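What you are looking at is a predicted structure, and each value in this text was computed from that prediction instead of being measured.
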Amino acid sequence: AVKKSKGDGHLSKTDNTETIKSCLNHIIYKKSFFTSVDKCSTITSSNTEYNRIINLISSLTNTEEKVLKYLHQGNSTDEIIDKLFISQKSLHNYRSRICKKLELPSQKNSLLQWIYKNKEILKIFFT
């Protein structure tokens, strides 16, 4: 049963990534989204910065999204290279493209700083 509360959507802690992404997309476009579970977490669309960040993340390619996910999880450069079977130069290129799409300044560690600043949103997006 879905519990009524203030909010634009409800998710179960056990919902898969696709359900979470679907929920976020529904909320971004001002629609409600509810899963039929007893224990729910509320996601609200009242924060425009939150919506902006989700839109930016959604613009990433699959590989760019994987790189961001692995960085969020604390993987090292070598670990990401091994997981994605890519060269160090390719990883550098992916990180540069991610920074550009996320509208980050081109200074050293800006992506890692952004990940740390937005860790709660990324936790929702990548869980």
Side-chain angles (χ1 to χ4, degrees):
V2 174
K3 295 181 180 180
K4 289 189 174 189
S5 68
K6 294 181 181 179
D8 297 70
H10 294 280
L11 289 169
S12 165
K13 291 180 181 180
T14 59
D15 282 335
N16 64 31
T17 303
E18 291 307 313
T19 303
I20 293 169
K21 286 180 184 179
S22 179
C23 176
L24 294 172
N25 283 328
H26 276 79
I27 291 169
I28 288 167
Y29 296 106
K30 304 296 182 203
K31 299 175 185 172
S32 296
F33 182 94
F34 299 93
T35 58
S36 56
V37 293
D38 292 328
K39 295 181 180 178
C40 298
S41 301
T42 301
I43 296 176
T44 176
S45 65
S46 61
N47 186 329
T48 55
E49 179 63 11
Y50 175 86
N51 290 337
R52 188 183 78 76
I53 290 169
I54 294 300
N55 281 331
L56 291 173
I57 294 171
S58 297
S59 73
L60 301 177
T61 65
N62 287 337
T63 304
E64 291 165 350
E65 192 176 303
K66 286 178 185 177
V67 169
L68 183 62
K69 178 181 179 177
Y70 291 144
L71 289 170
H72 172 254
Q73 292 173 341
N75 288 277
S76 68
T77 298
D78 290 337
E79 290 171 326
I80 296 170
I81 289 169
D82 288 345
K83 288 180 180 194
L84 295 177
F85 304 104
I86 58 175
S87 69
Q88 188 168 8
K89 182 174 167 83
S90 292
L91 180 58
H92 175 74
N93 289 336
Y94 282 120
R95 288 176 76 149
S96 294
R97 281 186 255 156
I98 293 168
C99 287
K100 193 175 221 175
K101 289 181 180 181
L102 296 178
E103 302 172 356
L104 300 176
S106 58
Q107 62 193 54
K108 188 174 182 180
N109 293 323
S110 62
L111 180 57
L112 293 178
Q113 290 170 356
W114 184 89
I115 289 169
Y116 181 76
K117 178 183 172 190
N118 297 291
K119 62 185 172 190
E120 293 305 314
I121 294 172
L122 293 171
K123 192 185 302 182
I124 292 168
F125 195 82
F126 290 128
T127 303

**Message:** For Gln73, is the CD atom crowded, meaning more than 12 foreign heavy atoms sit under 6.0 Å from it?
**Reply:** yes
**Item:** Test salt bridge (charged side-chain N to carboxylate O under 4.0 Å, His left out) applied to Lys119 - qualifying residues, sequence neighbours left out
**Value:** none
**Request:** Give the minimum heavy-atom separation between Leu112 and Leu71, together with the two atoms involved.
**Result:** CD2-CD2, 4.2 Å
**Request:** Report the residues that fulfil salt bridge (charged side-chain N to carboxylate O under 4.0 Å, His left out) with Lys101, sequence neighbours left out, ordered by chain and then residue number.
**Result:** Glu64
**Message:** Nearest 0.5 angstrom please: Lys100 NZ to Leu111 CG, how far?
**Reply:** 15.0 Å
**Item:** Tyr116 and Asn109: CA distance, side-chain angles, deciding distance, side chain to side chain contact (heavy atoms under 4.5 Å, CB included) verdict
**Value:** CA-CA 11 Å; Tyr116 181 76; Asn109 293 323; over 6 Å; no
**Prompt:** At what distance, to the nearest 0.5 angstrom, does NZ of Lys69 lie from CG of Leu122?
**Reply:** 11.5 Å
**Asked** How many angstroms lie between atom NE2 of His92 and atom CZ of Arg95, to the nearest 0.5 angstrom?
**Response** 9.0 Å
**Fill in**
Value for CD1 (Ile53) from OG (Ser58), rounded to nearest 0.5 Å, stands at 11.5 Å
**Message:** What's the separation between atom CZ in Phe125 and atom CG in Asn118, rounded to the nearest 0.5 Å?
**Reply:** 12.5 Å
**Asked** For the atom pair OG1 (Thr63) and CG (Leu68), what is the distance rounded to the nearest 0.5 Å?
**Response** 12.5 Å
**Request:** Determine the minimum heavy-atom distance between Ser110 and Cys99, stating which atoms define it.
**Result:** OG-SG, 4.1 Å
**Prompt:** Tyr94 versus Lys66: any side-chain heavy-atom pair under 4.5 Å?
**Reply:** no
Side-chain polar contacts of residues 76-86 - donor-acceptor pairs under 3.5 angstrom, sequence neighbours left out - could you list them?
| residue | atom | partner | partner atom | Å |
| --- | --- | --- | --- | --- |
| Ser76 | OG | Glu79 | N | 3.2 |
| Ser76 | OG | Glu79 | OE1 | 3.4 |
| Glu79 | OE1 | Ser76 | N | 2.7 |
| Lys83 | NZ | Asn75 | OD1 | 3.0 |

**Asked** Where is the tightest heavy-atom contact between Ile115 and His72, given as atom of each residue plus distance?
**Response** CG2-CA, 3.8 Å
